[in-house]
Amino acid sequence: MWKTGLLLLFWGLLTSSELQQEATKPEPRNQPPSGKLDFGYVPQGVYKTLAYYEPGVIGILFHMVHAFLYVVQPNPFPEDLVVKVAKDKFGAIQSEYQKPENIVLTLQAIYYETGFMVCAVLGLLFMVLLPLVGLFFCLCRCCENCGGEMHQRQRKNAECQRGLLTTLLFATSLIITAGVLCAYAANQNLSSQLKGMKSLVSSNLKDLQTFANETPTQIDYLIAQYATAKYTVISDLDNVGPLLGGNIHVELGTEVCPALDGVLRMAGAMRETKEALENVSVSLEVLQEATGKLHFNLSLVRSSLNRTLNDPGCSDEDSDATTAQLCRSIHSSLAQLHVSANFTRLPDVNNQLESVNQVLKTDLSNIIQKGFSSFNGTPGMVSDQMRTVVEGARGMLDVISTNISSFSKVFPLHSSLANFTNFISHTQSKIEDSYPEIDQIDFYRWICCIGLCCMVVLILAFNFLAILCGTMGYDKHASPTTRGCVSNTGGTLLMAGVGFSFLFSWILMGVVTATFLVGGNLEKLVCEPFHTKQLFKVLDTPHLVNPEWRNFIPGYMYNDSDLDLTVESFYSNCKNNRSLYSAMRLDKVFNVTTLLNSSLYTKEVVKMFDSVKIDLRGIVLLESEGKQSLIDFSETGVAEINYAAYLEEVNKGVTQVDLLSYANELEAQTDLMPKGPLQTSLKGHANSLRQIHSQLVIPMEQAMSTLNQSIRLLERTASDLPNKITDVLKSIEAAQYLISQNATHVVIQETEKYKQTIVGYFRQYIEWVRTSLTMEVAACKPFSNIVDTVEIVACSFLVDSLNTFWFGLGCCALFLLPSIILSVKLAKFYRRMDTEDVYDDIETIPMKTIPAYDTMTRFPRASAPPRHIDW
């Protein structure tokens with residue numbers, strides 16, 4: 001029954017309880033979102049259990065015990081032996097122990113337990129022999145043997161023996177004291193760790209409660225985040241024009257925009273041609289008129305200069321030779337005062353200008369702008385044609401939302417978790433109810449351990465008091481028969497300690513042997529293999545629990561023992577706080593990959609987009625009127641203008657000589673002449689030339705510059721004009737054909753990209769859900785914490801304390817042997833003897849008054865205490 005409930009719980013962890021999705025849905029976005037969705041972070045419960053134990057100072061004792069156990073049992077963990085024993089379940093070995101394989105198995109076990117068995121045998125011998133030795137020792141002393149005779153031989157090294165024995169007994173007692181302190185510390189540590197055990201158990205149960213409470217919240221969050229994908233899709237559907245239509249516009253624009261730009265440049269060329277023709281017409285008219293005036297004025301200047309140069313001052317024999325020479329030079333230069341360019345023979349461009357004006361009556365720029373507007377209206381056209389698909393997709397989103405939300409109703413998650421929570425509460429209540437009983441048992445255990453320690457303490461008290469009394473009551477001048485009461489008391493205490501040692505030591509050794517066998521084997525067979533994970537390998541041994549099961553967890557839970565789910569993998573995954581779904585391989589029961597197949601939710605949306613037919617034939621790039629305008633422009637006769645004749649005349653210059661330079665030179669020559677009417681007249685002609693230059697030549701030069709620029713512009717424009725216009729028309733026709741006939745490929749390509757973007761949102765959501773389920777939802781850290789807590793309580797609290805206790809107590813029991821021997825020997829030096837040794841040779845005795853009685857009674861070998869005070 002509990003197995004079914006556990007499966008339901010694990011299965012239910014993957015779905016949600018009834019979710020009020022509309023209460024948590026995000027606001028729709030107005031702007032087109034980016035392709036990457038942000039689903040936030042799955043809410044995580046805070047597990048408070050810290051499954052870690054640091055023993056502190058007592059850890060030194062724990063390490064000493066571990067080292068001792070390694071010396072006793074250095075063999076590695078017998079994994080194969082444990083597996084064989086576990087598979088046979090001990091029954092076959094007990095009933096058929098004579099089989100060779102069982103004998104081998106038994107020998108292997110004995111070999112592994114050799115160290116423990118040797119120590120156990122020694123302990124048993126100690127338990128049996130020590131009471132017998134004590135019994136015989138007492139009988140022997142009663143017969144005044146074994147040191148029971150109250151007589152002590154006097155030796156020269158008696159003082160040295162006394163000091164040595166005292167020192168050895170004191171050192172032995174110190175070692176026993178250390179042992180009993182070790183045992184007492186272990187006893188107290190075990191009792192004090194009960195509080196830590198209670199807090200650990202309580203923390204683990206609280207973590208299980210947190211696990212049970214947080215899991216539905218986490219799965220509700222996963223389902224609620226469908227709204228993020230949903231409203232992102234809705235936003236993209238609302239912006240289908242800018243997204244899909246915009247991409248189509250960009251793709252088609254690589255050919256359409258250059259074609260329209262070519263037409264737009266040609267329209268600009270038309271306007272520039274008109275302006276250039278107007279400039280040529282005006283400039284030509286100005287130049288023709290100015291040329292006549294310039295010719296007339298230059299003729300007047302030449303005539304005037306001829307008359308001046310015919311003055312007798314230039315030709316008279318009495319005139320200055322220099323003047324005459326200057327006059328002849330000036331006269332010879334008059335031929336340069338003529339107009340150079342003849343603009344009257346150049347034809348006008350009125351016909352071409354009229355033709356261009358006629359062409360410009362059609363507003364080609366406006367027509368082109370209409371083409372741009374029509375092409376730029378692609379997003380709106382796509383939006384209008386996709387309206388039905390968008391509405392259908394919106395309805396499909398609601399259906400998908402309903403399907404996803406309905407998953408929570410498939411499995412009884414709340415009831416499973418409620419049962420699990422009740423089980424935890426019931427378990428916690430039972431554990432807490434058992435605390436008083438545990439405390440009582442621990443109290444009795446503590447009392448027993450304290451009683452054992454008190455046995456040792458009693459012996460130690462006798463030893464230390466005896467050493468104190470013997471040392472304080474020591475008188476080096478006193479003979480064995482005259483020792484004081486304090487020294488005699490010390491000897492008596494030593495013998496009392498010996499008696500109690502014989503009484504208690506075998507009990508102590510019995511307790512040590514029993515606890516050693518239990519605690520040592522638990523450490524070597526359970527705790528140590530757990531730390532090295534060898535214990536997991538034993539538990540994960542194929543066919544261990546059931547001969548038909550390869551792995552017992554999936555075999556028991558899912559009836560599929562071949563599934564790769566082991567105790568070690570489950571523990572390791574939970575230790576790393578992985579999801580229970582991945583740790584328990586719940587995909588065997590509830591395959592999320594199949595359930596969360598995005599095609600289940602998007603196939604209808606894909607069908608809708610696959611049926612999309614976007615028609616762009618309504619886009620007209622260039623109307624027929626605009627095309628005709630281009631054709632008419634090529635026939636305006638601009639190419640028929642005689643550009644060579646214009647450029648020839650323009651390049652000639654206005655006059656044959658620069659009038660300003662000529663006037664300056666004339667004036668310079670005149671300055672060389674003597675002052676007089678001739679000089680004055682020539683300077684007047686020079687000023688006339690300057691005036692002609694400023695009033696006629698400069699305006700003509702400006703007009704010629706304008707004419708030159710306009711003619712060159714017209715020449716460039718007219719160069720291969722028909723072919724240029726033909727290329728523009730071909731480009732626009734190709735672009736129009738692309739939109740009207742061949743845009744299907746672009747439309748399909750961009751529609752597919754848009755569809756994949758929409759479907760990608762669902763895939764992102766599904767992948768996020770899958771990843772969250774396998775990594776974050778229902779993190780099973782509490783389960784590994786429970787295992788770690790059991791290990792801490794069993795090994796660190798109980799086994800280590802138990803092993804440290806027997807280690808200290810065993811040390812005490814062993815050192816009671818030398819304590820007994822030393823105490824018996826030292827008692828001879830503390831107690832008052834009945835007889836003592838005397839000298840046989842009377843010559844060696846000081847001369848004193850000797851009483852008159854028998855020499856045999858006066859000088860016995862071992863005599864009674866003297867009857868005279870000065871003996």
Backbone of [Y] reached by a side-chain donor or acceptor of [X] within 3.5 Å:
X	Y	value
Q218	A778	yes
S235	Y231	no
K781	N576	no
E528	E523	no
S801	L798	no
N573	S569	yes
T771	W768	no
D207	T49	yes
Q764	L37	yes
S796	V793	no

Any side-chain heavy-atom pair of [X] and [Y] under 4.5 Å:
X	Y	answer
F762	V233	yes
L244	T751	yes
V42	L222	yes
E113	L517	no
N577	S784	no
F570	M584	yes
E214	Q44	no

Would you name the heavy atoms of [X] and [Y] that are closest together and state the gap between them?
X	Y	answer
L205	I424	O-CG2, 3.8 Å
I792	Y53	CG2-CB, 3.8 Å
F783	C574	CB-SG, 4.3 Å
V799	G519	CG1-O, 3.7 Å
S383	G241	CB-CA, 4.0 Å
Y765	I223	OH-CA, 3.5 Å

Report the distance from atom [atom1] of [X] to atom [atom2] of [Y], rounding to the nearest 0.5 Å.
X	Y	atom1	atom2	result
L200	I786	CG	CD1	11.5 Å
I431	Q428	CD1	CD	7.5 Å
Q749	E251	CD	CD	5.5 Å
I234	N239	CD1	CG	12.0 Å
K206	S199	NZ	OG	10.0 Å
T757	R763	OG1	CZ	10.5 Å

Taking the ring of Y47 and the ring of F211, is the distance between their centroids below 6.0 Å? no
Do [X] and [Y] have side-chain atoms, one donor and one acceptor, less than 3.5 Å apart?
X	Y	result
S582	S579	no
E432	S202	no
E437	S434	no
S191	R445	yes
Q534	T532	yes

Only counting residues at least two apart or in another chain, list the ones meeting side-chain hydrogen bond (donor to acceptor under 3.5 Å, both in side chains) with Y41. none
Under 3.5 Å, which donor-acceptor pairs do the side chains of residues 60-73 form with other protein atoms, sequence neighbours left out?
residue : atom : partner : partner atom : Å
H66     : ND1  : F62     : O            : 3.4
H66     : NE2  : D800    : OD1          : 3.1
Q73     : OE1  : N75     : N            : 3.1
Q73     : OE1  : N75     : ND2          : 2.8
Q73     : NE2  : Y112    : O            : 2.0

Below 30° counts as parallel, above 60° as perpendicular, anything between as tilted: where do the rings of W806 and F516 land? perpendicular
Name the orientation class of the two ring planes belonging to Y571 and F530 (parallel below 30°, tilted from 30 to 60°, perpendicular beyond 60°). perpendicular
Verify the neighbour count for atom [atom1] of [X]: are there more than 12 heavy atoms of other residues, nucleotides or ligands below 6.0 Å?
X	atom1	answer
H426	NE2	no
F423	CZ	no
K575	NZ	yes

Check the pair I58 / Q188 against side chain to side chain contact (heavy atoms under 4.5 Å, CB included), numbers first and verdict last. CA-CA 11 Å; I58 200 173; Q188 292 298 115; over 6 Å; no
Got a sec, which residues hit ring-ring contact (aromatic ring centres under 6.0 Å, His included) with Y754, two or more places apart in sequence or on another chain? F609
Residue pair S425, Q209: steps toward the side chain to side chain contact (heavy atoms under 4.5 Å, CB included) verdict: CA-CA 8 Å; S425 300; Q209 291 280 5; 3.2 Å; yes
